[in-house]
4 protein chains.
Amino acid sequence: MNLPAKSPSASETRHRILDAAEVLFVEHGFEATSMRMITGAARANLAAVNYHFGSKDALIQEVFRRRLTELNRQRLAALDRLEADAGGAALKPSRIVEAYFGTALQLAADTEHGGHTFMRLLGRTYTEPNAFIRKFLAEEYAGVLERFRAALYRALPDVPREEILWRFHFMMGAMSYAIAGTDGLQLFAGRFDDADPVRLMPRLMSFLLGGLRAPLAGFEQACDDQPGRAAA
Amino acid sequence: MNLPAKSPSASETRHRILDAAEVLFVEHGFEATSMRMITGAARANLAAVNYHFGSKDALIQEVFRRRLTELNRQRLAALDRLEADAGGAALKPSRIVEAYFGTALQLAADTEHGGHTFMRLLGRTYTEPNAFIRKFLAEEYAGVLERFRAALYRALPDVPREEILWRFHFMMGAMSYAIAGTDGLQLFAGRFDDADPVRLMPRLMSFLLGGLRAPLAGFEQACDDQPGRAAA
Amino acid sequence: MNLPAKSPSASETRHRILDAAEVLFVEHGFEATSMRMITGAARANLAAVNYHFGSKDALIQEVFRRRLTELNRQRLAALDRLEADAGGAALKPSRIVEAYFGTALQLAADTEHGGHTFMRLLGRTYTEPNAFIRKFLAEEYAGVLERFRAALYRALPDVPREEILWRFHFMMGAMSYAIAGTDGLQLFAGRFDDADPVRLMPRLMSFLLGGLRAPLAGFEQACDDQPGRAAA
Amino acid sequence: MNLPAKSPSASETRHRILDAAEVLFVEHGFEATSMRMITGAARANLAAVNYHFGSKDALIQEVFRRRLTELNRQRLAALDRLEADAGGAALKPSRIVEAYFGTALQLAADTEHGGHTFMRLLGRTYTEPNAFIRKFLAEEYAGVLERFRAALYRALPDVPREEILWRFHFMMGAMSYAIAGTDGLQLFAGRFDDADPVRLMPRLMSFLLGGLRAPLAGFEQACDDQPGRAAA
DNA sequence: CATGAATGAGACTTCATTCAT
DNA sequence: AATGAATGAAGTCTCATTCAT
């Protein structure tokens, strides 16, 4: 099984280009990655990108589309399952957050099929200056975000909706940076002995939910300011 | 002090270039911002950048240096004050976080003198792929981070050090994205009626501390999963 | 005859390519018309041109050949008829000019079957810099021009032969430009309310014959310098 | 005198590029002339065209502008002189034609400073398919043509204005082709022993005026159909 | 008879940088 | 202190063409 696809319609070159581009985009960024670098790494002709995708921009778009379509499909499926299980009752916010960020973290933990690579790329791209990329990313996300936004509104009826959006925003930032920034800047170079993406999940999820549950205004709650110890 | 800058070494052209570059770097990124764009916006000769700074990379470095030096000086000063006030006792973690992130948020709230612009740039740069930029940013931060890391270790003696680093990491991500991503991707386009950077501060701070205080492992704490209401 | 073209050698794709190429060549020129444009407009595969014609140059050649062969056949037939009618006597120069240019103008008046399109293309091609095109056009014309040159020599025995050639040259220029330039440059934009190619014929023919009959050297003939009014 | 201009502001490279481009455009056409060919011939760097002109199109435009401005200035000056001499009386049509076409032919006779080269280029360009070139040529000509059109209308008050425009059109065609086509297609290859552009002038002028004076409609005027012999 | 995939060559343009002035 | 001219390298993209199917 898993024989190399010989069918020309599956265009094996096309896939090699997408894979090579994904890796190089993470490593050097979109602008600094030249078509020559991509086709070189993909063992393809320089003109192959334009032949298969039309332009560099279209290639970038396809790199995202093939992964995001699947990721967001899984996110929606997870949310569907939650709602089906709840049977009309309001969902627990933590479950919603898990459905959204857990799915992404699972993809980020996949180091075998490029999932980790892609999530690093995606994390960085949220602050991408290129207008074209921003635009189609927003379009690609529109549907999913709408669903999760509505779910959170229902789950947190007493929280001002604007605050919900902000916290969702903060959570996305924490996750993006956690994934994209770790191998990048390495501000605490050498100190992350354990950058295993698998173990990132519980750490990040705990942080995110802590942030989500934090008191709404001000931060001078009477507390000892120490992380709590989870009940076993 | 504060003499009228008559000195030719203070070269007004130099400042115009730095200001123009800062704005353009935020808008288009480093690679996509050409020397022509910079010198054009700064009403300077194309060769002026190389004349004043030596190279594009050196210009980038200087754009960061002039702001980061001051920002990190303020951070250290805030930490010094805290420690002086505590008189040898352990600091409250929330105060440390305030000293680090509050200072940055104050700069981000300054829309008059380019502070906001710079913080957006800085936020994006944490995930910058360019090796040269990563390297000097790490150097620029080394001292401050060392101090704050040590302070947090002392303030949270019972928390595994690795976990402290991770949470610091998550907090930086949430802040960076909150500042850099807001005007960028706009995933929830049009829904942020209130993107005022001044009001960002309490919101973000509350979220960060919530994350910092979250239970360490797992997230099935017995709680109602709702954000708390701060005591007045 | 007129059997339904079932023969595969008549390949309908071939004709669609020729028709599309003719139109595009007029619109954009040879160099600026790519094989993609041609096969796209002809709803054919990109490789179809090379398959059917061998190369782009061969296609260009065929676009001309299929029309020129017929046009020049008609020209020769008209001249044959004139000579047959004259029964050995010298021909009137105006009849010869009519045989040559009138035939072309008739083709140019055919807007139904691409004749107009082709004549615009032909008109422009007389000044085509491409060596290959010049060469085969010259060959294609060699026979016809030889016959008409000889006829004019006979019809105008007192006029230096060099002058005859020059005037023939001038006439071709006037006609080419009249056909090719009208829809193109439009120097007098909007002023040609009547660009009907059918009505072009008498106008141009009158001009050509006026030029042909003009005094040979100098131009200070005693005349009122006004166009004559034709006798009804 | 005529020392090589050392001043950098006169940018000698710029002129070399313009001269080289003019020659190559005549020889190969705009599309088939690459920037490499131009800068190669001008002994300049490949980037020099973009530095001095901004783009290939802008270079094309400048090639025309520098010559056409002068040519049309001379045409207007000639017309001004005619009108001044006439002192309010109507001009002879032949004088107007001389002012317009004679000036052009004089430039075409200048083989020393590229005038001949340029006129061949100009002649071909009247049927140029490239929309951009057509547009700016039309603009460049607008003023001159307006003046000459008005002058011809005044000089030929009894001739329908539309007919005047057509004949002007025909004359431009005859001239363009006479200049541009001679060295090009060479339909009568080898037969023009005397292609001397200086001697072209009286020949063409005679033809043009013959066409201008031709009877207006139909061409069956009672005449012997022979070119007249000019009165000495 | 026809086509999808692929390619080598070359197109125009832009880049950061240098240098003489 | 500053600049206009110039350049080598490299960018993306399009070209006509080929070939296995």
Side-chain angles (χ1 to χ4, degrees), chain A residues 6-14 17 31-39 43-59, chain B residues 7-14 17 31-39 44-59, chain C residues 7-14 30-39 44-59, chain D residues 6-14 17 31-39 43-59:
Chain A
K6 262 287 186 65
S7 148
S9 69
S11 188
E12 209 236 326
T13 301
R14 218 186 105 99
I17 291 174
E31 291 270 353
T33 301
S34 72
M35 313 269 291
R36 247 176 272 270
M37 291 164 72
I38 296 170
T39 52
R43 283 170 297 117
N45 185 275
L46 174 57
V49 168
N50 282 85
Y51 173 73
H52 284 286
F53 303 94
S55 69
K56 188 184 179 182
D57 274 1
L59 167 63
Chain B
S7 141
S9 70
S11 176
E12 207 236 327
T13 299
R14 222 184 100 97
I17 290 175
E31 290 272 351
T33 301
S34 71
M35 312 277 276
R36 266 178 181 76
M37 290 164 73
I38 296 169
T39 52
N45 185 272
L46 172 59
V49 168
N50 283 80
Y51 177 75
H52 284 287
F53 301 93
S55 71
K56 188 185 180 180
D57 274 0
L59 167 63
Chain C
S7 144
S9 70
S11 176
E12 208 236 326
T13 300
R14 222 186 101 98
F30 301 117
E31 291 270 352
T33 301
S34 71
M35 311 277 276
R36 265 178 182 75
M37 290 164 72
I38 296 169
T39 52
N45 185 272
L46 172 59
V49 167
N50 283 79
Y51 177 74
H52 283 287
F53 301 93
S55 71
K56 188 183 181 182
D57 275 0
L59 167 63
Chain D
K6 263 286 188 66
S7 148
S9 70
S11 187
E12 210 235 328
T13 301
R14 218 186 105 98
I17 291 174
E31 291 270 354
T33 301
S34 71
M35 313 270 290
R36 249 176 270 270
M37 291 164 73
I38 295 169
T39 51
R43 284 169 295 119
N45 184 276
L46 174 57
V49 168
N50 282 84
Y51 175 72
H52 284 287
F53 302 95
S55 69
K56 188 183 180 182
D57 274 1
L59 167 64

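Every chain is numbered from 1, with letters handed out A, B, ... down the list of sequences. The structure presented is a predicted model; accordingly, all values stated were derived computationally and were not measured.
With a cut-off of 3.5 Å on both Watson-Crick or G-U wobble distances, the partner of F:dA20 is given as E:dT3. Using N1 to N3 plus N6-O4 or O6-N4 for Watson-Crick, or N1-O2 and O6-N3 for G-U wobble, each under 3.5 Å, E:dC12 pairs with F:dG11.
The side chain of A:Thr39 places no N or O atom within less than 4.0 Å of a non-bridging phosphate oxygen (OP1 or OP2) of E:dA6. Dashed line: the shortest gap from a side-chain N or O of B:Arg36 to OP1 or OP2 of E:dT14 is not under 4.0 Å. Applying the 4.0 Å criterion to OP1 and OP2 of E:dC1, one finds that C:His52 has every side-chain N and O outside that range. The side chain of D:Thr13 places an N or O atom within less than 4.0 Å of a non-bridging phosphate oxygen (OP1 or OP2) of F:dA6. At E:dA6, none of the side-chain N or O atoms of A:Tyr51 fall inside 4.0 Å of OP1 or OP2 (strictly under the cut-off). Within the 4.0 Å cut-off from OP1 or OP2 of F:dG11, at least one side-chain nitrogen or oxygen of A:Ser34 is found.
Under a 3.5 Å cut-off, the side chain of C:Lys56 and the backbone N or O of C:Ser34 do not form any donor-acceptor pair.
Taking for each of A:Arg43 and D:Thr33 the nucleotide of DNA chain E with the nearest heavy atom, the 5'-most of the two is the partner of A:Arg43. Between A:Asn50 and D:Ala44, the residue anchored closer to the 5' end of DNA chain F is D:Ala44, taking for each the nucleotide with the nearest heavy atom.
Here F:dT7 is the nucleotide among F:dT7, F:dC15, E:dC19 with the atom lying nearest to any side-chain atom of D:Ala47.
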- When you look at B:Ile17 and B:Val49, which way does the side-chain contact (heavy atoms from CB on, under 4.5 Å) test go after all the steps? CA-CA 7 Å; B:Ile17 290 175; B:Val49 168; 3.9 Å; yes
- Please step through side-chain contact (heavy atoms from CB on, under 4.5 Å) for the pair A:Asn50 and A:Met35, ending with a clear verdict. CA-CA 9 Å; A:Asn50 282 85; A:Met35 313 269 291; 3.2 Å; yes
- CA sep, side-chain torsions, deciding dist, call: C:Phe30, D:Glu31, side-chain contact (heavy atoms from CB on, under 4.5 Å): CA-CA 9 Å; C:Phe30 301 117; D:Glu31 291 270 354; over 6 Å; no
- Can you check side-chain contact (heavy atoms from CB on, under 4.5 Å) on B:Ile38 and B:Thr33, steps first, answer last? CA-CA 7 Å; B:Ile38 296 169; B:Thr33 301; 3.6 Å; yes
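A straight line from CE of C:Met35 to P of E:dT7 spans 19 Å, rounded to a whole angstrom. One can place CZ of D:Arg14 at 14 Å from C1' of F:dG4, the figure rounded to the nearest angstrom. C:Asp57 has its CG atom 12 Å from the C1' atom of F:dT17, to the nearest Å. In this structure, D:Ile17 atom CD1 and F:dA5 atom C1' are separated by 11 Å, rounded to whole Å. Distance, C:Asn45 CG to F:dA20 C1': 14 Å, rounded to whole Å. Straight-line distance from the CG atom of A:Leu46 to the P atom of F:dC15: 15 Å, rounded to whole Å. Rounded to whole Å, atom P of F:dA16 lies 10 Å from atom CD of D:Glu31. We find that NZ of D:Lys56 is positioned 15 Å from C1' of F:dC13, with the value rounded to whole Å.
No engagement by B:Ala48 is indicated, since no non-hydrogen atom pair under 4.0 Å with the nucleic acid exists.
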